[in-house]
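Quick note on labels: first sequence line is chain A, next is B, and so on, each numbered from 1. Bear in mind that the values here come from a model prediction, so they are computed numbers and not experimental data.
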Number of protein chains: 2
Amino acid sequence: MQISSRFTIAVHVLICIETFKKDMKTTSDFLASSVNVNPVVIRRILQQLKKAGIVEVKRGSGGADLARDPADITLLDVYTAVESVEEGRLFHFHENPNPQCPVGSNIHNILDDRLKRIQDAMEDQMRSVTIRDVMEDACRIISAP
Amino acid sequence: MQISSRFTIAVHVLICIETFKKDMKTTSDFLASSVNVNPVVIRRILQQLKKAGIVEVKRGSGGADLARDPADITLLDVYTAVESVEEGRLFHFHENPNPQCPVGSNIHNILDDRLKRIQDAMEDQMRSVTIRDVMEDACRIISAP
DNA sequence: ATCTTTGTAACAGCAAACATTACAATCATG
DNA sequence: CATGATTGTAATGTTTGCTGTTACAAAGAT
């Protein structure tokens, strides 16, 4: 099971907005053609990013912009914005383990701490990377010979 | 998108095998009743664990056993055993980004390193926990007053 | 031989992701 | 202020992977 492509699409979109904002209007159509998906998919993701205070989207006139300093947007922010699963739920548990079995009745007590630490490790790493970092990579790679 | 319950079920199963191996035969039926799923689900997971050299399963006579020292089985071993996605693919990418867009054509060059580091952080944490560690937690919790 | 249990195929149901069409609401601007 | 461009969102469809279930041959113990 993989983390949905919404996350990588969202990051792709943010990079595009920053890269092209001086030269063109970054409409959902334009962004969609860079990612190569339906514009509605982009609009839905932009809505999620907007709710999280990451972008501003203009109706009518069109186009999206970052709502904050790129150095102030982490990959974790983007991840939690577009990933529907609630906070702290990377691992899926089977429902209704047998309450009469000492293991079944305690499986959460036994595992939750360890699993949380695994998720924390991943999230800490995500928090350590900002859109500014990614933009630096992007500029370097795009302008390479 | 969550990591499938196969992972937590697999760990649950391993704990059960270790906990009950002295007192009973740990058949797929027995394990299924602790987890509260269909026995076939357990058998499928046991097969995946067997292919990874983590358990031994006896046909006919029945029952599963660990194939190695619990201290030598990490949560990462279990995770890669039951998670169908190939190595290094925690994040799902959209296919066919626009090759004519400097961002679209370079999106993997731009992101792969960062994403790999995130996945590595998660896997390192998983590797640091063994079934022996989990068994210690389990024994302490189960025998608590 | 018989009984138990595993290994596996076959199929069904469901949920989430992803795609697409359509259209009202919104905004800039001529 | 009418028009053209664009967003916001609902409705609908397709696909994919997970999970559940039935069924039964293969394997092993007694």
Distance below 4.0 Å between B:Ser28 side-chain N/O and C:dT6 OP1 or OP2:
yes
Tell me which nucleotide among C:dA17, D:dA5, D:dA23 gets nearest to the side chain of A:Lys25.
D:dA5
Can you tell me the distance, in whole Å, between the CD1 atom of A:Ile9 and the C1' atom of C:dA17?
10 Å
Indicate yes or no for a side-chain donor-acceptor contact from B:Asp23 to the backbone of B:Phe20 under 3.5 Å, with no hydrogens or angles considered.
no
Could you check whether the side chain of A:Arg44 and the base of C:dA17 have a donor-acceptor pair of N or O atoms closer than 3.5 Å, going by distance alone?
no
Should the pair A:Asp137-B:Arg114 be classified as a salt bridge under the 4.0 Å nitrogen-to-oxygen rule?
yes
Would you mind reading off the distance between B:Asp29 atom CG and C:dT4 atom P, rounded to a whole angstrom?
12 Å
I'd like to know if A:Asp120 and A:Arg117 make a salt bridge, using a cut-off of under 4.0 Å between side-chain N and carboxylate O.
no
With a 4.0 Å cut-off on heavy atoms, is B:Arg6 in touch with a base, just the backbone sugar-phosphate, or nothing at all?
sugar-phosphate
Taking OP1 and OP2 of C:dT26, is either one under 4.0 Å from a side-chain nitrogen or oxygen of A:Lys58?
no
Using whole Å, report how far CD1 of A:Ile42 lies from C1' of D:dG8.
15 Å
Picking from D:dA23, C:dT26, C:dC18, which would you name as closest to the side chain of A:Arg59?
C:dT26
Does a nitrogen or oxygen in the side chain of B:Ser61 sit under 4.0 Å from OP1 or OP2 of C:dT4?
no
Phosphate contact (D:dT9 OP1 or OP2) by A:Arg43 side-chain N/O below 4.0 Å:
no
Salt bridge or not between B:Arg140 and B:Glu136? Use side-chain N to carboxylate O under 4.0 Å.
no
Could you tell me the separation between the CG atom of A:Asn36 and the P atom of C:dC18, rounded to a whole number of Å?
14 Å
Looking at C:dA17, I'd like to know if its phosphate oxygens (OP1 or OP2) sit under 4.0 Å from a side-chain N or O belonging to B:His94.
no
Determine the contact category for A:Val40: base if any of its heavy atoms lies under 4.0 Å from a base atom, sugar-phosphate if only primed atoms, P, OP1 or OP2 are that close, otherwise nothing.
base
Can you identify which nucleotide, out of C:dA9, D:dG8, D:dG17, has its nearest atom closest to the A:Met1 side chain?
D:dG17
From CD of A:Glu56 over to C1' of D:dT6, roughly how many Å is that when rounded to an integer?
17 Å
Side chain of A:Thr27 only, please: which of C:dT6, D:dT6, D:dA23 is the nearest?
D:dT6
Mind checking if B:Gly60 touches a base, just sugar-phosphate, or nothing, with heavy atoms under 4.0 Å?
base
Give the minimum heavy-atom separation between B:Ile110 and B:Val103, together with the two atoms involved.
CD1-O, 4.5 Å
Check this one for me: any side-chain N or O of A:Gln47 less than 4.0 Å away from OP1 or OP2 of D:dT7?
no
Can you measure B:Leu31 atom CG to C:dT5 atom C1' for me and round it to whole angstrom units?
12 Å
Working note: A:Arg127 + A:Thr74, criterion side chain to side chain donor-acceptor pair (under 3.5 Å); need CA distance, chi angles, decisive distance, verdict.
CA-CA 5 Å; A:Arg127 205 182 346 255; A:Thr74 71; over 6 Å; no
Mapping B:Gly62 and B:His92 onto DNA chain C by nearest heavy atom, which one lands closer to the 5' end?
B:Gly62
Rounded to whole angstrom units, what separation is found between the CD1 atom of B:Ile45 and the C1' atom of C:dT8?
15 Å
